[in-house]
Amino acid sequence: MRGIIPLLLSAALSAPAVFAGPIARSPYVVKETHNPPREWTKLGRAKGDNVIQLQIGLKQGNFEELERLLYEVSDPFHERYGKHLNSEEVNELVRPSKESSDFVHEWLRENGISDMGYSSAKDWIIVHLPVESVERLLDTEYHNYKHEDGTMIARTTRWSLPRHLHDHIDTIQPSTSFFRAASNKADWVQAPPEIPASYKKPSNESIAKVCNVTSVTPECFATLYSTKWYKPEAAGKNKVGFTNYLGEIPIRTDTELFLKKYRPEAAESARTFKAYSIDNGPVQDGPLTANQSESDISHEANLDVQAIAGISWPTPIDSYSTGGEPPFIPDLSTPTNTNEPYLAWVNWLLEQENIPQVISTSYGEPEQSVPRSYAERVCRQFAQVGARGTSLLFSSGDRGLGGTNKCYSNDGKNTYGFLADFPVSCPFVTGVGATMNFEPEEAVYRPARNTSTGFRDLYASGSGFSAYFERPKYQDKVVTQYIKNLNGLYDGSYSKGGRAYPDISAQGLQFAYFWNGTEGTISGTSASCPLAAGIISLVNDALIASGKRQLGFLNPWLYSKGYKGFTDITVGYSYGCNVQGFPVTEGWDPITGYGTPNFAEIVKQTDAKYDW
Ligand SMILES: *[C@@H]1O[C@H](CO)[C@@H](O)[C@H](O)[C@H]1NC(C)=O
Ligand SMILES: *[C@@H]1O[C@H](CO)[C@@H](O)[C@H](O)[C@H]1NC(C)=O
Ligand SMILES: *[C@@H]1O[C@H](CO)[C@@H](O)[C@H](O)[C@H]1NC(C)=O
Ligand SMILES: *[C@@H]1O[C@H](CO)[C@@H](O)[C@H](O)[C@H]1NC(C)=O
Ligand SMILES: *[C@@H]1O[C@H](CO)[C@@H](O)[C@H](O)[C@H]1NC(C)=O
């Protein structure tokens, strides 16, 4: 760790625009320390001239009030139910105090920083700075870190702030966040489809006719989840969205091939879905180029758009591609994703007047890869989206309790324990796990295996209890009961008091999809999440067509009433962390939540007219 450079040198000696040392009215004190998980290897110092988009999270003015309102407008038994907030009302509540804002601006200006961007509530300040300037500003050193999957990022494990700013800044990223927004598709993409050992042919003929366990299709989902007969009526007012990271682009030509085969009347939507670029995120209309297919991208994005369009057509779709602005050219010493895309996306979304009523995200990472302060703030940004009346759905991860041989803490002690995933662990979002088979549906499971290309980890529905977020009230009854029924099983390996997930589940094994002009199958809670999002968006259609408000943040409704519209899943285990894991049980469980959607039954749990 470098010492603080004497203040007086700064103005006189530095080149214009780059300052030389931190200036502050109080001494620097360490604000945060956070170790990377074991999968990350520290390499050399980050390049000093590599530009980072630094996001500074100021303490929000009145988040407690926002949270209270979020729960009221999302609670079907409250008189404010459905009275969602508009963007000004949200901004008003979370805008930082004048004192916080003044202190932070003073510090930045004193350090020669004048070019600042803001989130719409001014609760985030965004500056673009070379690594060497960030190092001085935060009295730290950035190093490159390499993940075992090859991802490189520039991060630090400790940073400081002048003491008088500690209460005014919640978090600054990218600094200690070892988060890379990994896609939740199981790494079985190229594996030939298999019939699960527990599979039994359905006796129900209408299901048996359309559901093929080695290649599940929209027609199967529409039958299994009873959306088949429904004709959406509110497509002009209702929308559904999904997010893309890591250079993923939903490919229109592949989507058109998919829809022509499996939902011909929807084929047009392959060309008409809206693609938004955030921070130079990639968008394109043509097929994958040779280079793109070579680098194997867009499996996730293609799956997402095809799963949604296949079930929710003609509901318009918004695709959000968030990049890592500013552009950089990866080389051995330059990380591939220096910036923090999650935050960029949610803050961009909060600036929009009209946001889709449901948004699906199939990305996540072990919770311990991000520092708590960062997780808490991103989660609060999600609460703001919920208060606006949007359901955020996140896939629960594909490694059960945390994969094989990976379940150790990164606090230096290497303690064995289950690893929760983030963002699904945020109590203001709805987590979606995965099922397989049809009669009955059960929690998804494919065992780990050694193949000719190496070790393939298990695929099992992501399950867990957050170590960062306390159990929200809406979960008290069912989660406490579930833990009680465990009778001490796995005590000490998980956070009993934490927010538990997932909340619901949906099919997640061997989806038919198109990629690079060819049909294949793909698995993951990555598939379950957009499918569930498509179905929830049909429920919103029924509500909006009845002159009612959309569901918004789902969980208070789900845990008090909505669960009755879901089909309970009672077979399976969570697996992961080298144990069989939590059992799937009757009622809510942390592998399949309340189970899979039955559209017609869900609509009955809402204010929509259902005399069809
Ligand atoms: C089921 O899907 C597989 C592809 O995974 C295909 O080969 C097979 O023909 C399909 N079966 C039926 C009955 O359609
Ligand atoms: C077969 O499944 C469909 C779709 O879930 C359902 O509507 C129907 O009632 C089932 N039939 C029988 C005989 O259970
Ligand atoms: C494709 O990749 C090759 C090798 O990495 C590179 O030299 C070439 O410029 C790329 N072409 C395009 C069009 O990006
Ligand atoms: C993608 O499709 C192109 C055109 O059909 C083909 O030449 C290429 O080999 C494919 N790439 C992969 C990785 O399958
Ligand atoms: C894979 O191979 C390794 C090394 O031989 C072995 O230790 C491990 O148990 C195998 N895993 C599975 C799931 O077969």
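In listed order, ligands and their atoms are each counted from 1. Worth knowing before you read on, the calculation uses all heavy atoms, side chains too, and leaves out hydrogens, waters and symmetry mates.
Here atom 2 (O) of ligand 4 lies nearest to Asn516 when heavy atoms of Asn291, Thr518, Leu288, Asn516 are compared. Here atom 14 (O) of ligand 1 lies nearest to Asn212 when heavy atoms of Asn212, Val210, Val213 are compared. Taking each of Asn204, Thr223, Leu224 in turn, the one with a heavy atom nearest to atom 12 (C) of ligand 2 proves to be Asn204.
Of the N or O atoms in Trp515, none lie within a sub-3.5 Å distance of an N or O in ligand 4. Between Thr521 and ligand 1, not a single N/O pair is under 3.5 Å apart. When only interatomic distances are considered, the shortest N/O to N/O separation between Ser293 and ligand 4 falls below 3.5 Å. For the pair Thr214 and ligand 1, the shortest N or O to N or O distance falls below 3.5 Å.
Closer than 4.0 Å to atom 10 (C) of ligand 4 lies at least one heavy atom of the protein. Atom 7 (O) of ligand 1 is never approached by the protein to below 4.0 angstrom, counting heavy atoms only.
Using cut-offs of 30° and 60° for the angle between ring planes, the Trp348 and Tyr276 rings count as tilted.
Counting the atoms of ligand 2 from 1 in the order shown, those under 4.0 Å from a heavy atom of Ser206 are 1 (C), 2 (O), 3 (C). Ligand-side atoms of ligand 2 in range of Ile207: 2 (O), range being under 4.0 angstrom from any heavy atom. Taking every non-hydrogen atom of Pro193 and a distance limit under 4.0 Å, the qualifying atoms of ligand 1 come out as 5 (O). Set against the non-hydrogen atoms of Ser215, the atoms of ligand 1 under 4.0 Å away are 2 (O), 4 (C), 5 (O).
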